[in-house]
Amino acid sequence: MRILLIEDDKKLCEAVEYQLRQQGFTVDICYEGDDGLRWLCQQAHDLVLLDRMLPVMDGVAVIRKARAMGVTTPVLMLTALGTIEQKVEGLDAGADDYLPKPFAIEELLARVRAMGRRPHQWGSTQSFTWGDITLNSDESILKKGEKVCSLSKRETRLLEAFLKNPEQTLPRATLLSYVWGPDAEVEEGNLDNYIHFLRRRLKEVGSSLSLTTVRGVGYRLEGSV
């Protein structure tokens, strides 16, 4: 599971990141609300831990704007503001859970595990169907009727991005962030290589869908449904 931690307390970030990595999670960190919103809108993470009191843009504004933009990534809000009214405001803005500070790291980890068990939340446990294909993200299997082929983890992640946004042009930066992570140092040519691989996979199962190049922008999954 890939987790985005949006928190301006750097010492707390270090402690939480360490504990999450010990549990096998991948963690990305940002310290300001506007950066957090940008990362959140990439939808490259399975879960977001969001502080309420952030520089530039507070956490409630971040989650409210993200939900208005169609972002569905689960969000656990962390805050020292723990009155009933403040909790209700955070949840009504779009948070999925709320954990007041100070918190025990054991409780945070338990909340993360609990949210991970919720059905139909995580891309890694879902099947995506569009057009004439079905992608099983957990097993990295692509199917069209009786035809089946295996994908690599990155091929799976890339195809998942397209199946979440069919017939929409996805910018190159968005795809790079979704597949490799917001801070990964990766050459853009790697994306072109994986697009080539996916086109071969679609052809291998006999799909009528196509990955169209939008020059100067990115790629789009097209086909009749």
Side-chain angles (χ1 to χ4, degrees), residues 1-33 35-54 59-60 62-63 66-67 71-82 87 90-91 93-128 135-141 151-161 164 176-186:
M1 185 190 300
R2 181 181 292 173
I3 297 175
L4 173 61
L5 174 58
I6 309 173
E7 166 66 66
D8 64 331
D9 185 332
K10 294 186 178 182
K11 288 186 177 180
L12 179 59
C13 282
E14 290 177 1
V16 171
E17 179 186 18
Y18 174 78
Q19 293 293 336
L20 290 171
R21 290 189 184 279
Q22 288 294 105
Q23 298 293 314
F25 301 121
T26 300
V27 184
D28 295 307
I29 298 174
C30 62
Y31 305 107
E32 296 183 356
D35 285 340
L37 178 62
R38 176 177 58 83
W39 285 30
L40 182 51
C41 289
Q42 298 293 332
Q43 300 200 71
H45 298 85
D46 302 301
L47 173 65
V48 178
L49 305 180
L50 174 65
D51 184 31
R52 178 165 178 148
M53 299 179 68
L54 291 166
V60 172
V62 169
I63 184 62
R67 295 304 189 223
V71 175
T72 59
T73 306
V75 173
L76 171 58
M77 185 164 280
L78 311 174
T79 179
L81 304 175
K87 290 180 180 179
L91 293 169
D96 298 273
D97 201 357
Y98 206 102
L99 183 60
K101 297 177 181 179
F103 52 80
I105 192 65
E106 292 82 5
E107 182 176 3
L108 174 64
L109 294 174
R111 297 284 187 102
V112 169
R113 291 193 296 269
M115 294 182 75
R117 291 194 296 269
R118 293 179 183 177
H120 309 300
Q121 289 286 340
W122 318 111
S124 62
T125 59
Q126 290 183 357
S127 289
F128 298 89
L135 172 68
N136 183 314
S137 293
D138 186 43
E139 298 180 1
S140 295
I141 295 294
L151 307 182
S152 71
K153 291 298 182 183
R154 286 211 168 102
E155 287 172 338
T156 299
R157 189 79 173 163
L158 183 57
L159 183 54
E160 181 181 298
K164 284 183 176 180
L176 286 166
S177 176
Y178 191 88
V179 177
W180 283 273
D183 274 351
E185 296 183 1
V186 55

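In terms of heavy atoms, Val62 sits closest to Gly33 at CG2-O, 3.4 Å. The two residues Val60 and Ala93 come nearest to each other via the heavy atoms CG1-CB, 3.9 Å. Minimum interatomic distance between Pro100 and Tyr98 (heavy atoms only, all atoms of both residues): CD-O, 3.9 Å. In plain terms, the two heavy atoms of Arg52 and Gly90 that are nearest each other are NH1-N, 4.2 Å. In plain terms, the two heavy atoms of Met77 and Ala95 that are nearest each other are CB-CB, 4.2 Å. Taking each heavy atom of Cys30 and Gly36 in turn, the nearest pair found is SG-CA, 3.4 Å.
With a 4.5 Å cut-off on side-chain heavy atoms, Arg157 and Trp180 do not count as touching. Residues Leu109 and Leu20 have side chains in contact (heavy-atom distance under 4.5 Å, counting atoms from C-beta outward).
Judged by distance alone, with hydrogens and angles left aside, the side-chain atoms of Arg2 form no donor-acceptor pair with the main-chain N or O of Asp28 at under 3.5 Å.
Distance check: Leu54 CG to Asp9 CG gives 11.0 Å after rounding to the nearest 0.5 Å. Atom OH of residue Tyr31 and atom CD1 of residue Ile6 lie 12.5 Å apart, to the nearest 0.5 angstrom. Between the CG atom in Leu40 and the CD1 atom in Ile63 there is a gap of 6.0 Å [rounded to 0.5 Å]. Between atom OG of residue Ser140 and atom CG of residue Leu151 there is a gap of 6.5 Å, rounded to the nearest 0.5 Å. Distance CZ/Phe25 to CD1/Ile3: 5.0 Å, rounded to 0.5 Å. Separation of atoms CG (Leu47) and CG (Leu4) is listed at 9.0 Å; rounding is to 0.5 Å.
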Exercise. Please step through side chain to side chain contact (heavy atoms under 4.5 Å, CB included) for the pair Leu76 and Leu108, ending with a clear verdict.
Key: CA-CA 9 Å; Leu76 171 58; Leu108 174 64; 3.7 Å; yes
Quiz prompt | Verdict with reasoning, Lys164 to Glu160, per salt bridge (Lys or Arg N to Asp or Glu O under 4.0 Å) | solution = CA-CA 6 Å; Lys164 284 183 176 180; Glu160 181 181 298; 3.7 Å; yes
Quiz prompt | Verdict with supporting geometry, Glu32 and Asp8, side chain to side chain contact (heavy atoms under 4.5 Å, CB included) | solution = CA-CA 6 Å; Glu32 296 183 356; Asp8 64 331; over 6 Å; no
Practice problem: Please lay out, stage by stage, how Val16 and Val27 fare under the test side chain to side chain contact (heavy atoms under 4.5 Å, CB included). | Solution: CA-CA 9 Å; Val16 171; Val27 184; over 6 Å; no
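Here Lys101 pairs with Glu7, Asp51 under the salt bridge (Lys or Arg N to Asp or Glu O under 4.0 Å) rule; sequence neighbours left out. Under the rule for a salt bridge (Lys or Arg N to Asp or Glu O under 4.0 Å), the partners of Glu107 that lie at least two apart in sequence or sit in another chain are Arg111.
Residues Asp96 and Arg67 are paired through a salt bridge, judged by an N-O separation under 4.0 Å between the basic side chain and the carboxylate.
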